[in-house]
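Please read the structure below before turning to the comments.
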Amino acid sequence: MTGTINPKVIYLPTAAIQRAVRRYPTPFFLYEEQRIRENCRRFRDTFRKYFPSFAPLYAVKANTNPSLLKIIFSEGFGADASSEAEAWITRRLGGCGMYTGNYTTPEEFQFVLKTGGFQLNLDDISMLPTIRRLGAPEFLSFRVNPGLSQGGMKSLFLAGPDAKYGVPLEDIAAAYRQARSLGVKRFGIHAMTGSNVLDKTYFAAVAAKLLQIVARINREAGIVIERLNIGGGFGVPYRPEQKSLDLEAVARGVRQAFDAQCARYGITEPILMAEPGRCIMADTGWLIGRVHVIKNSQKTFVGIDAGMNDLPRPAIYDAYHQVTVLGKPLRGVVKKVNVVGRLCENNDQFARDRMLPVVKVGDFLVIHNAGAHAFAMAHNYNNRLRSAEYLLTRRGIMCRIRRAETIRDLFRNSAIPHCSRRGRSSERSVS
Ligand SMILES: Cc1ncc(COP(=O)(O)O)c(C=O)c1O
């Protein structure tokens, strides 16, 4: 396999992880600040080379830890938020950006408008009456469903007939006309059509399609689109044999699409925006668990103290994550094992039939690409607790940026019936 191994997939800050496991109880996440900054700069600067006014946003949903958001915002990224909490934390950190809800309630719109700092991106024409009631903003964008889609797996295809997102093309001109009649003065367009795309030609195709729609809106409604957001979805390799997305080729392709379509339709070039999550954060984080049980059954099951509640992607999407046994290189004697967590779910398996160096109880296993859509998707099923998060700063200092949950955290909001001495129950909060 050597020669085809992608160093980005197998990269580990080994010394830092070894330091961390000596200091902190497992399981935990570790992130590397330097890598986050490098990913931000690579993305921002590659697009700025071709689009000097390029305006990058970061998809907050990929990883919402405030300390990490602060780093990303300090690299010149705005926020792509899609829930009240994401809008709230962005504002608390002094950020601003675009708000893309879907099936949004009036209360949610109200919250975001009150929070301030966000341009609204509507998912459907049917939301306009709510916007009218709340007061039309000066700028409004629509998320369209342009028909084309791609993704790392079927469940990550986010446009086309089966997708719940975006204004259908037949409504698009009417949507902009109606928005204008409410008093909106300036307009944007947005699409988010798929996630974890590694095809370098895809983003140019999305841009070309959006520019065709921009021309149609201009022709049918006489509206000029100022901002064009091609969404996120920039893939990262999860398997060592996968190639990284060639961002330079992506940006160049989008530039060519802009040149060709703007000339073809005679439209003014909109400001380009994008809102990556995964390609900023995925390879900057690792989940570390300790081996507690090795069961030799029909297969060998290696049980660690982390689980699908920490990183649900393998359970939800059957997604592949590289696993390293800390301090044991993948050479010499290897054994086929399943790496599993402690939840009462048979899909609580991080890796199936994976060749790993011979593992012993007490070894530490590192799950790679755990920086994006990992902790952010963590949950409490089986009343398992969310793990702590640590950051290795640029200066080499290790900081705790979120403590691990406690059992009390889990029941903080519950009324706990209390059995009094006489056997009657009363309600008491644990906090
Ligand atoms: C609207 C929107 N924008 C951006 C993203 C970020 O996608 P990715 O992490 O694949 O870049 C998502 C992810 O689901 C999304 O729904």
Side-chain angles (χ1 to χ4, degrees), residues 36 39-40 42-44 46-47 55-65 68-69 72 77-83 85-87 90 97-104 108 112 118-124 127 141-146 149-160 163-167 188-200 202-203 206 210 227-238 242 244-245 247 250-251 254 272-285 311-313 316-317 319 321 369-377:
I36 299 172
N39 285 350
C40 287
R42 186 179 322 109
F43 192 86
R44 184 194 65 199
T46 307
F47 274 98
L57 304 175
Y58 164 68
V60 172
K61 68 170 74 66
N63 190 322
T64 321
N65 187 294
L68 306 177
L69 289 180
I72 296 167
F77 279 64
D80 152 43
S82 60
S83 71
E86 290 178 6
T90 297
M98 184 168 262
Y99 191 85
T100 300
N102 61 96
Y103 303 83
T104 314
E108 186 175 335
V112 177
F118 282 94
Q119 295 182 330
L120 291 185
N121 185 33
L122 300 193
D123 191 56
D124 194 37
M127 292 170 183
S141 173
F142 285 99
R143 175 178 185 163
V144 295
N145 181 344
S149 190
Q150 242 195 61
M153 51 198 70
K154 200 77 192 133
S155 48
L156 297 183
F157 281 54
L158 305 178
K164 69 167 186 161
Y165 306 106
V167 182
I189 192 165
H190 166 274
M192 169 69 200
T193 56
S195 194
N196 202 26
V197 178
L198 284 169
D199 172 358
K200 65 182 179 203
Y202 181 66
F203 300 92
V206 171
L210 283 178
R227 292 177 165 253
L228 183 150
N229 184 339
I230 54 172
F234 304 85
V236 300
Y238 281 82
Q242 280 178 322
S244 297
L245 180 63
L247 263 188
V250 170
V254 175
L272 178 70
M273 301 174 78
E275 51 190 35
R278 192 184 310 271
C279 76
I280 301 299
M281 279 306 301
D283 68 1
T284 72
L311 196 161
R313 297 188 74 253
I316 298 179
Y317 305 127
H321 280 259
N369 267 327
H373 305 295
F375 186 98
M377 294 177 105

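In listed order, ligands and their atoms are each counted from 1.
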Contact summary for Pro146 and Val144, nearest pair of heavy atoms: CD-O, 3.2 Å
N or O contacts of ligand 1 with protein under 3.5 Å, please list pair by pair.
{"unit_1": "ligand 1", "atom_1": "3 (N)", "unit_2": "Asp80", "atom_2": "OD2", "d": "3.1"}
{"unit_1": "ligand 1", "atom_1": "3 (N)", "unit_2": "Glu275", "atom_2": "OE2", "d": "2.7"}
{"unit_1": "ligand 1", "atom_1": "9 (O)", "unit_2": "Arg278", "atom_2": "N", "d": "2.8"}
{"unit_1": "ligand 1", "atom_1": "9 (O)", "unit_2": "His373", "atom_2": "NE2", "d": "2.7"}
{"unit_1": "ligand 1", "atom_1": "10 (O)", "unit_2": "Ser195", "atom_2": "OG", "d": "2.5"}
{"unit_1": "ligand 1", "atom_1": "10 (O)", "unit_2": "Gly233", "atom_2": "N", "d": "3.3"}
{"unit_1": "ligand 1", "atom_1": "11 (O)", "unit_2": "Gly233", "atom_2": "N", "d": "2.8"}
{"unit_1": "ligand 1", "atom_1": "11 (O)", "unit_2": "Gly277", "atom_2": "N", "d": "2.9"}
{"unit_1": "ligand 1", "atom_1": "16 (O)", "unit_2": "Lys61", "atom_2": "NZ", "d": "3.2"}

Separation of Leu122 CG from Arg143 CZ (nearest 0.5 Å): 12.0 Å
Interatomic distance, Leu57 atom CG to Thr90 atom OG1 [nearest 0.5 angstrom]: 10.0 Å
Whether Phe77 and Phe43 hold their rings parallel, tilted or perpendicular, with breakpoints at 30° and 60°: tilted
Residue Lys61 excluded, over 12 heavy atoms near NZ under 6.0 Å: yes
Distance-only side-chain donor-acceptor flag, Thr100 / Tyr165, under 3.5 Å: no
